[in-house]
Amino acid sequence: DVAFCVPHGFWKKWRAHVKSINPDAFLTAEIVDVATDYLRGDEFDSVMNYMWLFPAVRFFAPSAKPSTATKLIKDLDVLARKYPKDVALVLQNLLDSHDVGRISTILENRLAPEANWDSYFSLSRAQGNPDLNTRRPSKKTLGILRQMVIFQMTYPGAPMIYYGTEAGLWGANDPDNRQPMLWSDIKRRPETHTPRGRCGRLPATPDKRLFKFYQRAIGLRKAHAVLRRGALRWLKTSDERLLAFARSDAQSEIVILLNAGDAPLSWVLKSPAFDLWKSRAVKPGKVGVVPRGWRILSVKACPTALRGR
């Protein structure tokens, strides 16, 4: 926690000491900015990748003026170039944490996306934001969250899940984001207060459907090594709300399509594929992607058989 508040010299000695005890120990840290200086092989193995979170929220979050796919790609490419490939594959891509608002609350409030730690930290604080809605998010918001999870599970890096997000926990920034875990076998009293005062009796139960979705998304990543270690290649689209990229290795290639818009979009596939999420074959031609939906396509042909539209 707050590793950036401790001098580099301490972490270098600390790493040497820990690795002398257990060479396989994995050392990670909370760094809220670009962490190049901490990831040179003599301090940490990974960090919480907030710099991935900020552009992701700017693209996926509902907004009157959302970020474009072009801008998201540019931001992520700039970030990726700051780290060696082996480091980039273990950076902890997170959607929320103990120091920022729960992602479902960020999305529910349609908060103006921010680009850096200080502004993002203040974005979802109850103090200073009198109109902030800290109640349980809507089904529409959870749909956007699911799409972001698909991106998290298919993009290079190590997905980090803050406890409770997979069970539907919501809340503003600290301390609201540190509520007790929602358990199916432990009955929790209904929520009766928000930072604004009384709110009636709102159920505080785990979202079992969201939990199963997380299990499925994680299972997909676990079943396909290319989603964990494969190379990334961005694919062209004709709409700035459609994000398309491929993960590939010597054995396989998977194309991911994410429609962050409110209208159906399509992408052209030149060769047969298999939809890993829907478990069905896909013929060459236009591949439809519903609003806030996704397609995860295992492509049997070589990368040159792909083209976006």
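For the numbers below, each heavy atom of this structure counts, side chains included, while hydrogens, waters and symmetry mates do not.
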Please list, one pair per line, the donor and acceptor atoms closer than 3.5 Å that link side chains of residues 222-231 to other protein atoms, with sequence neighbours excluded.
unit_1	atom_1	unit_2	atom_2	d
R228	NH1	R221	O	3.0
R228	NH1	K222	O	2.7

Check the orientation of F151 and F245. Use parallel for under 30°, tilted for 30 to 60°, and perpendicular for over 60°.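 F151 and F245: perpendicular rings.
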Between [X] and [Y]: side-chain donor-acceptor atoms closer than 3.5 Å:
{"X": "T28", "Y": "Q92", "result": "yes"}
{"X": "N93", "Y": "N49", "result": "yes"}
{"X": "Y214", "Y": "T165", "result": "no"}

So, do [X] and [Y] sit near enough that their side-chain heavy atoms are less than 4.5 Å apart?
{"X": "S271", "Y": "V299", "result": "yes"}
{"X": "P272", "Y": "P284", "result": "yes"}
{"X": "L91", "Y": "W52", "result": "no"}
{"X": "V149", "Y": "L95", "result": "yes"}
{"X": "N129", "Y": "R125", "result": "yes"}
{"X": "D75", "Y": "R58", "result": "yes"}
{"X": "L297", "Y": "L276", "result": "no"}
{"X": "P190", "Y": "P203", "result": "no"}

[X] side chain to [Y] backbone, donor-acceptor under 3.5 Å:
{"X": "D96", "Y": "R102", "value": "no"}
{"X": "S124", "Y": "Y120", "value": "no"}
{"X": "R233", "Y": "R247", "value": "no"}
{"X": "N109", "Y": "L111", "value": "no"}
{"X": "S122", "Y": "S119", "value": "no"}
{"X": "T105", "Y": "G101", "value": "no"}
{"X": "E108", "Y": "P137", "value": "no"}
{"X": "R292", "Y": "F60", "value": "yes"}
{"X": "N259", "Y": "A263", "value": "yes"}

Treat each ILVMFWY residue as a node, draw an edge where side-chain heavy atoms are under 4.5 Å apart, and state whether [X] and [Y] are in one component.
{"X": "V6", "Y": "Y38", "answer": "yes"}
{"X": "L53", "Y": "V90", "answer": "no"}
{"X": "I218", "Y": "L94", "answer": "yes"}
{"X": "I21", "Y": "F10", "answer": "no"}
{"X": "V87", "Y": "L79", "answer": "yes"}

Looking at F59, I'd like to know if the NZ or CZ of R241 sits under 6.0 Å from its six-membered ring centre while staying within 45 degrees of the ring's axis.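 The answer is yes, since R241 meets both limits relative to F59.
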Output all residues satisfying salt bridge (charged side-chain N to carboxylate O under 4.0 Å, His left out) with [X], sequence neighbours left out; order by chain, then residue number.
{"X": "D275", "answer": "R295"}
{"X": "D174", "answer": "R178"}
{"X": "D176", "answer": "none"}

Which heavy-atom pair separates [X] from [Y] by the least distance, and what is that distance?
{"X": "A172", "Y": "A126", "value": "CB-N, 4.2 Å"}
{"X": "V18", "Y": "A25", "value": "CG1-CB, 3.7 Å"}
{"X": "A88", "Y": "Y83", "value": "N-CB, 4.4 Å"}
{"X": "W234", "Y": "L76", "value": "CH2-CD1, 4.1 Å"}
{"X": "I31", "Y": "A35", "value": "CG2-CB, 3.8 Å"}
{"X": "S266", "Y": "L242", "value": "O-CD2, 3.6 Å"}

Listing request: all salt bridge (Lys or Arg N to Asp or Glu O under 4.0 Å) pairs with a residue in [range], at least two apart in sequence or in separate chains.
{"range": "residues 133-152", "value": "none"}
{"range": "residues 31-40", "value": "D37-R40"}
{"range": "residues 206-218", "value": "none"}

Starting from the C-alpha separation in whole Å, work towards a yes-or-no answer on side-chain contact (heavy atoms from CB on, under 4.5 Å) for I254 and I296. CA-CA 7 Å; I254 295 177; I296 305 175; 3.7 Å; yes
Got a second to check how far [X]'s [atom1] is from [Y]'s [atom2], nearest 0.5 Å?
{"X": "I150", "Y": "L145", "atom1": "CD1", "atom2": "CG", "answer": "10.5 Å"}
{"X": "L232", "Y": "D77", "atom1": "CG", "atom2": "CG", "answer": "7.0 Å"}
{"X": "L142", "Y": "L107", "atom1": "CG", "atom2": "CG", "answer": "9.0 Å"}
{"X": "Q147", "Y": "L258", "atom1": "CD", "atom2": "CG", "answer": "5.5 Å"}
{"X": "S97", "Y": "M160", "atom1": "OG", "atom2": "CE", "answer": "6.0 Å"}

What do the steps show when you test T237 against W267 for side-chain contact (heavy atoms from CB on, under 4.5 Å), and what is the final call? CA-CA 7 Å; T237 71; W267 194 83; 3.9 Å; yes
With D1 via side-chain contact (heavy atoms from CB on, under 4.5 Å) - residues at least two apart: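 By the side-chain contact (heavy atoms from CB on, under 4.5 Å) rule, D1 matches E30, H98, D99.
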In this structure, are over 12 heavy atoms from other groups packed under 6.0 Å from Y155 atom OH?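 Enclosed: over 12 neighbouring heavy atoms sit under 6.0 Å from OH of Y155.
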Set of side-chain hydrogen bond (donor to acceptor under 3.5 Å, both in side chains) partners for E166, sequence neighbours left out: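 Partners of E166 by the side-chain hydrogen bond (donor to acceptor under 3.5 Å, both in side chains) criterion come out as none, since no residue qualifies.
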Chi angles and distances behind the side-chain contact (heavy atoms from CB on, under 4.5 Å) call for M153, L220: CA-CA 8 Å; M153 296 296 166; L220 183 70; over 6 Å; no
Does anything in residues 6-20 form a side chain to side chain donor-acceptor pair (under 3.5 Å)? List the pairs, not counting sequence neighbours.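 Of all non-adjacent pairs touching residues 6-20, those that pass side chain to side chain donor-acceptor pair (under 3.5 Å) are H8-E43, K12-D42, K12-E43, R15-D45, K19-D45.
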Considering residues at least two apart in sequence or located in another chain, which fulfil the ring-ring contact (aromatic ring centres under 6.0 Å, His included) criterion with F213?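 Checked F213 against ring-ring contact (aromatic ring centres under 6.0 Å, His included); matches are W277, W294.
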Just checking W117 against F4, ring centres under 6.0 Å apart?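 That pair fails the under 6.0 Å test.
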I73 vs T68, test: side-chain contact (heavy atoms from CB on, under 4.5 Å). Steps then yes/no. CA-CA 9 Å; I73 292 169; T68 64; over 6 Å; no
Rest of the hydrophobic cluster containing I186 (Ile/Leu/Val/Met/Phe/Trp/Tyr, side-chain heavy atoms under 4.5 Å)?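 Members besides I186, by chain and number: Y162, Y163, L169, W170, M181, L182, W183.
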